Amino acid sequence: MISVELIFFIILVIYAFSLFPSISVPYIIDDIDHLHHLVVAIKEHSVVEWLFRPHNEHVIPVIKSLYLISYTYFGLNPELFHLFVLAVCLGVAVLAYKLTLVFTKSTTCAIIALSLFTTSHLIDNAIFVGTNSHIIFCLFFFLLLFYALWQYSLTAKRSWRFAAFLSVLILPSTFALGLTSIIFIFLFYWLCMDGDQRQRIKTTLPLLATTWIFSLVPYIYGLNKIVHAEHYSNGGSNIYEIARFMVPLHFINTYIGSILIPSLLNNIYLSLGIFFLSALSIFCFPRQVSWKKVIFLLIFGLFNNFIIFVFRSAWGIPGLQLPRYFTFPLIMMALSYPLLLSPLIANNPAIKKFSTLNVTLVICLFFVACAGIHRYNQANRMLTETMLVQNLFVNFKKAFVNYTQQHPDIKRINVTNGDIKLPSVSLLRIDNGPVSFMLRFPSRQRRFLAEFLLPESINQKVHWGKTTDPDFLNYLKTNDYLFLTN
């Protein structure tokens with residue numbers, strides 16, 4: 001008999017190892033904004049205000065705290081932040097396993113759920129890029145909330161109740177979708193728990209609702225900035241004008257049938273195979289399927305994505321296919337398929353002859369290993385491509401530092417405040433999508449970059465304008481810092 005605990009551990013190790021190259025992927029896209037605003041806030045002694053300042057429609061002090069810790073101890077090196085992301089991804093994998101286990105009472109189904117999550121490549125790019133990973137933190141606290149409620153309903157331990165309260169409080173501070181937690185608390189209560197469980201946690205629900213109200217405070221504080229966020233200018237002037245309700249309704253069918261189901265795994269035939277196997281289980285054992293739990297997972301995955309689509313449809317359909325927007329649907333499918341397969345696994349005598357558990361463990365381990373190799377290679381490729389951005393930042397700083405070291409008595413350096421085109425990253429391109437979705441900001445002003453890349457002593461000497469000092473310009477051309485000469 002193969003040890004389930006050993007396979008569980010091996011899968012987690014493979015998954016962690018496959019993400020290892022992404023630990024060095026530099027800060028790009030919105031990470032640059034966060035670091036710039038953080039450095040400015042430190043100079044102005046307004047870090048607390050920065051923590052609670054809205055970023056687009058999100059108020060994310062928890063995520064910004066991770067940037068603050070990483071910058072404090074490692075500067076512009078991203079390794080610590082990516083280690084936080086890696087830890088959260090492992091946490092999501094563990095909670096996917098645990099939730100499926102308590103739902104089905106089957107280690108076979110739990111291993112399938114874990115394997116589906118760690119085998120799928122739908123959200124890989126969201127994990128690789130720091131700024132895209134915020135939604136994964138949100139997912140982690142959602143799953144922790146559900147598991148904590150389940151355990152508290154069985155054990156009545158205060159530690160699980162505390163974990164549930166903490167999750168509700170933190171959720172909106174990781175991603176705006178965390179605001180929907182109050183909806184899913186009650187849906188989980190009614191659809192996933194039996195009568196005895198509901199009775200045990202009945203008195204806890206009002207307290208959770210009160211905690212949720214407290215979690216709204218940062219959003220109420222920044223409501224005006226959220227409603228009129230700058231990035232809404234791509235489709236309107238405020239959050240009301242950019243909202244599109246009909247487009248997502250038309251797109252959702254295509255999204256599920258043509259994108260989500262066939263793309264769950266890297267091979268379309270495997271993806272369709274597990275779909276039709278689940279359909280067979282429903283056909284053979286319809287009364288044994290835990291329909292309420294499946295419905296809860298479907299609502300959890302699709303409703304959260306529908307909200308995203310409402311506020312992103314104005315940017316075009318390609319923008320709805322960003323890897324981070326597959327996060328909730330992925331966990332929905334990773335947990336739903338085992339629930340649907342559970343009756344088939346439990347009742348099919350032909351499978352039992354070959355030790356269902358052992359066969360499943362071997363198959364799952366094989367596909368997780370294959371997916372791990374692919375993810376490792378993709379993470380390496382992402383690192384290689386994004387290092388061009390890191391090299392640009394290093395050379396930008398080096399150009400000014402070396403010049404001031406060569407001219408220690410210089411008091412003022414006049415530099416043209418032009419734009420610097422950032423290197424593109426092909427892995428972030430969406431099929432048939434515009435370049436703007438690759439890095440969102442194809443170029444940045446030199447002054448903007450200088451504010452967080454250069455030491456304050458140098459920034460005080462640099463004056464940005466329409467001309468560059470001839471001596472400094474000649475230095476830039478001589479040392480091949482041509483990105484500062486155009």
Side-chain angles (χ1 to χ4, degrees), residues 19 22 25-34 55-60 62-64 66-67 78 81-82 84-93 96 117-118 120-143 171-180 229 231 234 248 251-252 255-256 259-260 263-264 300-334 375 378-379 382 386 425-431 433-434 436-441:
L19 294 173
S22 69
V25 171
Y27 293 122
I28 59 175
I29 320 179
D30 288 0
D31 292 331
I32 298 174
D33 278 315
H34 291 308
H55 175 71
N56 299 333
E57 65 270 28
H58 310 284
V59 183
I60 49 175
V62 171
I63 303 298
K64 287 185 176 182
L66 301 182
Y67 282 110
F81 186 87
H82 283 297
F84 287 132
V85 176
L86 176 58
V88 166
C89 289
L90 289 174
V92 170
F117 177 76
T118 55
S120 178
H121 300 294
L122 285 176
I123 65 170
D124 283 356
N125 282 359
I127 300 172
F128 299 159
V129 179
T131 188
N132 290 338
S133 64
H134 303 174
I135 193 171
I136 302 174
F137 284 83
C138 184
L139 175 62
F140 169 78
F141 284 105
F142 260 119
L143 297 184
L171 266 166
S173 296
T174 60
F175 202 76
L177 280 179
L179 295 170
T180 64
H231 76 306
N234 292 330
F251 175 66
I252 200 73
Y255 178 77
I256 297 172
I259 301 174
L260 194 58
S263 303
L264 174 63
F300 178 67
L302 296 179
F303 178 75
N304 279 315
N305 252 42
F306 176 77
I307 294 175
I308 292 174
F309 292 167
V310 166
F311 297 106
R312 292 294 182 267
S313 296
W315 297 355
I317 295 300
L320 305 182
Q321 300 175 45
L322 291 168
R324 63 177 177 267
Y325 298 154
F326 287 101
T327 301
F328 283 90
L330 170 58
I331 204 66
M332 170 191 78
M333 297 178 73
R375 184 180 295 108
Q378 288 297 94
M382 178 69 77
T386 53
V425 182
S426 62
L427 281 176
L428 297 180
R429 184 190 291 275
I430 302 171
D431 293 339
S436 60
F437 283 117
M438 293 167 62
L439 284 174
R440 184 178 295 190
F441 304 104

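Everything numeric in this text was worked out from a predicted model, so none of it was measured. Position 1 is the first residue of the sequence; numbering continues from there.
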CZ on F81 to OG on S133, rounded to 0.5 Å = 4.5 Å
inquiry  = My understanding is that only one of V25, I127, L19 makes a side chain to side chain contact (heavy atoms under 4.5 Å, CB included) with H82; could you say which?
reply    = V25
message = Taking ring pair (Phe, Tyr, Trp, His ring centres under 6.0 Å) as the definition, give me every residue that meets it alongside F326, ordered by chain and number, with sequence neighbours left out.
response = Y255
key: Reported CG-to-CE distance for the pair L264 and M333, which is rounded to 0.5 angstrom   = 4.5 Å
ask   = What's the shortest heavy-atom distance between P26 and P78, and which atoms?
value = CA-CG, 3.8 Å
inquiry  = Is there a side chain to side chain contact (heavy atoms under 4.5 Å, CB included) between F309 and L302? Walk through the geometry before answering.
reply    = CA-CA 10 Å; F309 292 167; L302 296 179; over 6 Å; no
Flag for D33-H55: side-chain donor and acceptor within less than 3.5 Å = no
task = Hey, could you give me the SG/CG distance between C138 and L179, rounded to the nearest 0.5 Å?
result = 8.5 Å
task = Applying side chain to side chain contact (heavy atoms under 4.5 Å, CB included), run through L322 and N132 and close with a yes or a no.
result = CA-CA 9 Å; L322 291 168; N132 290 338; over 6 Å; no
key: Separation between CG of L177 and CD1 of I135, rounded to the nearest 0.5 Å   = 5.5 Å
ask   = Is the backbone of L171 close enough, under 3.5 Å, to the side chain of T174 for a donor and an acceptor to pair up by distance?
value = yes
request  = Verify whether the ring centers belonging to H34 and H134 lie closer than 6.0 Å.
outcome  = yes
inquiry  = Quick check for you: to the nearest 0.5 Å, what is the distance between L260 atom CG and L122 atom CG?
reply    = 6.5 Å
key: Test item: R324 side-chain N/O and T131 main-chain N/O as donor-acceptor pair under 3.5 Å   = no
inquiry  = To the closest 0.5 Å, what do you measure between CD1 (I307) and CZ (F328)?
reply    = 9.5 Å
request  = Compare every heavy atom of P323 with every heavy atom of A126, then report the nearest pair and how far apart it is.
outcome  = N-CB, 3.9 Å
inquiry  = Could you go through I123 and F117, starting from their C-alpha distance and side-chain angles, then the distance that decides it, and tell me whether this counts as side chain to side chain contact (heavy atoms under 4.5 Å, CB included)?
reply    = CA-CA 10 Å; I123 65 170; F117 177 76; 4.1 Å; yes
inquiry  = Please evaluate residues D30 and N56 with respect to the criterion side chain to side chain contact (heavy atoms under 4.5 Å, CB included), reporting the C-alpha separation (whole Å), side-chain torsions for both, the decisive distance (0.1 Å), and the verdict.
reply    = CA-CA 10 Å; D30 288 0; N56 299 333; 4.1 Å; yes
request  = Please check if the distance between the ring centroids of F137 and F175 is under 6.0 Å.
outcome  = no
